[in-house]
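Only one structure is covered here, and it is reproduced in the block below.
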Protein chains: 2
Amino acid sequence: MNLSSTEQDYLKAIFAITTIESRSANTNAIAEHLKTKASSVTDMIKKLAVKKLVKYEKYKPVHLSAAGIKTATSLIRSHRLWETFLVDRLKYDWSQVHTIAEQLEHVKDSELIDKLDDYLGNPSFDPHGDPIPTRNGAFPVREEITLINMKEGQCGTIASVLQDDESFLEALNDLDICIGNDVEFLKQISFDQSIKVIINNETIILSETMASNISVQKI
Amino acid sequence: MNLSSTEQDYLKAIFAITTIESRSANTNAIAEHLKTKASSVTDMIKKLAVKKLVKYEKYKPVHLSAAGIKTATSLIRSHRLWETFLVDRLKYDWSQVHTIAEQLEHVKDSELIDKLDDYLGNPSFDPHGDPIPTRNGAFPVREEITLINMKEGQCGTIASVLQDDESFLEALNDLDICIGNDVEFLKQISFDQSIKVIINNETIILSETMASNISVQKI
DNA sequence: AAATATTTTTAGACTAATCTAAAAATATTT
DNA sequence: AAATATTTTTAGATTAGTCTAAAAATATTT
């Protein structure tokens, strides 16, 4: 099916909200995710429903159809492979690559993404630590926990981030926090829910928001 | 300046017609080049004139301004670097890469193309043999002659093609003609203007159209 | 130089995606 | 369950790019 970049963006947004964030894909949630307005979302949802990419009943949250899930997954695959290329090969900083990959992921060619995958050595995780779907649409898994949910004394390594906002990624850079770093959870400070952790042998305090957006692979 | 992909395509078309093909950029010539209609061209030319990218007087052919030339050149640079990436790194056949590069060239990021250039080792010519403008906008040169214009007994190597049409590139593939092959011009057959040449130690006949679209580097 | 042909421009309409503002439906509070 | 608040949808407008058909300008032929 030939979809516009915009249609593809909507499918990705619905996938992110439902499958990744486990929320229901209301009109407003989608609008917020795509920084557009609710009325625009309603229009587009109708279009996608005609194309059988979403299941839609008026005033109800939307769901992706099997075809919709397939398309969204292959977009995520494309996005994450391009991010891997930009960081590993072109030496971009991982905080810069999201907006570029947003554009690259929409390039249409039947062979491109599989060739890129092979060229990069079929990586399982991207520079943000997120799983790259295989060409069959399967997401590689690993045992992860959100930093804020760790127990006192628990150890692990930074595995991925739950937000792609450039300011968030820069904050991590400023704190010298990278994918792969060792973490030990010390304790949560009840006053403001901030947490005390050891990362790279340095004891630091992270805000609740910060710690809610960092995913740790259990050891 | 923030230009849409469409605006960029018009600038490239005007550059190709004026500078590469040495013709004047009439409304119809541009329309034909972009497979659109004359009325659409007029509308767009007016837009580009307001943005000072072209010099335009009603009913006259358009010319690119200095800014227009700069933009067109950097698009050609982007296009040819992506083609090089697709062929050299992703192992595409050179006949397949044009339409993919058409999409990739529009990806917007201030550092991307220079990083790609460095990654590829700052190549001077793309897989079609065409010069890749440097980051300063200079076109690398070499001594070339169109195959049809060679003199009897003259020798050279296939340097580039003057058409990107997929069917043309496939025809070259079928004849086992590649960039870098040695050529010796034998004679032109006056009956139909076809030519007799030795390519890779094989004597073959090429149609006039064919030979008009192959560029040979003189030895 | 008048008649004809070609090219270019204008006028008005269409599509995809968006928006604002109002209306309708659903959800929450009292 | 009535009143209020929130969410969603509709209606109508806007913008970028395109198109067809007609009008205007330029070019060519006789």
Side-chain angles (χ1 to χ4, degrees), chain A residues 1-14 17-18 21 23-64 68 71-72 75 99 102-103 105-108, chain B residues 1-14 17-18 21 23-64 68 71-72 75 99 102-103 105-108:
Chain A
M1 192 159 359
N2 211 29
L3 300 174
S4 70
S5 293
T6 315
E7 291 171 321
Q8 294 182 338
D9 286 338
Y10 275 87
L11 293 176
K12 263 198 354 175
I14 298 166
I17 293 166
T18 56
E21 299 164 23
R23 298 187 293 137
S24 72
N26 313 319
T27 306
N28 270 346
I30 298 169
E32 202 178 330
H33 204 278
L34 291 171
K35 295 189 175 96
T36 182
K37 294 295 150 72
S39 55
S40 308
V41 174
T42 305
D43 284 353
M44 180 57 88
I45 295 304
K46 285 181 187 167
K47 254 183 76 179
L48 294 174
V50 171
K51 295 190 177 186
K52 305 276 184 207
L53 292 162
V54 301
K55 285 164 275 180
Y56 171 59
E57 288 176 82
K58 267 191 187 180
Y59 300 103
K60 300 256 171 74
V62 288
H63 299 274
L64 291 177
T71 305
L75 284 164
T99 50
E102 283 289 298
Q103 300 173 66
E105 73 188 13
H106 295 298
V107 172
K108 287 180 182 76
Chain B
M1 191 160 358
N2 212 28
L3 299 174
S4 71
S5 293
T6 314
E7 291 170 321
Q8 294 181 338
D9 286 338
Y10 275 87
L11 293 176
K12 261 198 354 171
I14 298 166
I17 294 166
T18 56
E21 299 164 23
R23 298 187 291 137
S24 74
N26 313 320
T27 306
N28 270 346
I30 299 169
E32 201 178 330
H33 205 277
L34 291 171
K35 295 186 175 101
T36 182
K37 295 294 149 74
S39 56
S40 308
V41 174
T42 305
D43 284 353
M44 181 57 89
I45 296 304
K46 285 182 186 166
K47 255 184 76 179
L48 295 174
V50 170
K51 294 190 176 185
K52 305 274 184 211
L53 292 162
V54 301
K55 285 164 275 179
Y56 171 58
E57 287 177 81
K58 266 192 190 180
Y59 299 101
K60 300 256 171 76
V62 288
H63 299 274
L64 291 177
T71 305
L75 284 164
T99 50
E102 282 292 295
Q103 300 172 65
E105 73 188 12
H106 295 298
V107 172
K108 287 182 181 76

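Every chain is numbered from 1 and lettered A, B, ... according to where its sequence line falls, protein lines coming before strand lines.
- The stretch residues 24-40 of chain A touches DNA chain C through Thr36(A), Lys37(A), Ser39(A), Ser40(A), each having a heavy atom within less than 4.0 Å of the strand.
- Atom pair Tyr10(B):OH and dA16(D):C1' shows a separation of 11 Å (rounding to whole Å applied).
- Residue Ile45(A) contributes atom CD1, which lies 12 Å from atom C1' of dT8(D) at whole-angstrom precision.
- For Glu32(B), the CD atom counts as loosely surrounded, since its 6.0 Å shell holds 12 or fewer non-hydrogen atoms of other residues, nucleotides or ligands.
- OP1 or OP2 of dT9(C) has not a single side-chain nitrogen or oxygen of Lys46(B) nearer than 4.0 Å.
- Remark: DNA chain D takes part in the stems C:1-30 with D:1-30, each of 3 or more antiparallel Watson-Crick or G-U pairs, criterion distances under 3.5 Å.
- Taking atom CG on Asp9(A) and atom C1' on dA16(C), their separation rounds to 14 Å, with Å as the unit.
- Contact annotation: Tyr56(A) reaches the phosphate of dT9(D) (side-chain N/O to OP1 or OP2, under 4.0 Å).
- The 12-atom threshold is exceeded at NZ of Lys108(A), counting heavy atoms of other residues, nucleotides or ligands nearer than 6.0 Å.
- One interatomic measurement links the two molecules: CG of Asp43(B) to C1' of dC19(D), which rounds to 10 Å at whole-angstrom precision.
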Polar atom pairs (N or O), protein with nucleotides 23-29 of chain D, under 3.5 Å:
| unit_1 | atom_1 | unit_2 | atom_2 | d |
| --- | --- | --- | --- | --- |
| dA25(D) | O4' | Tyr59(B) | OH | 3.3 |

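- Look at CD on Glu57(A): it is 14 Å from P on dT8(D), rounded to the nearest Å.
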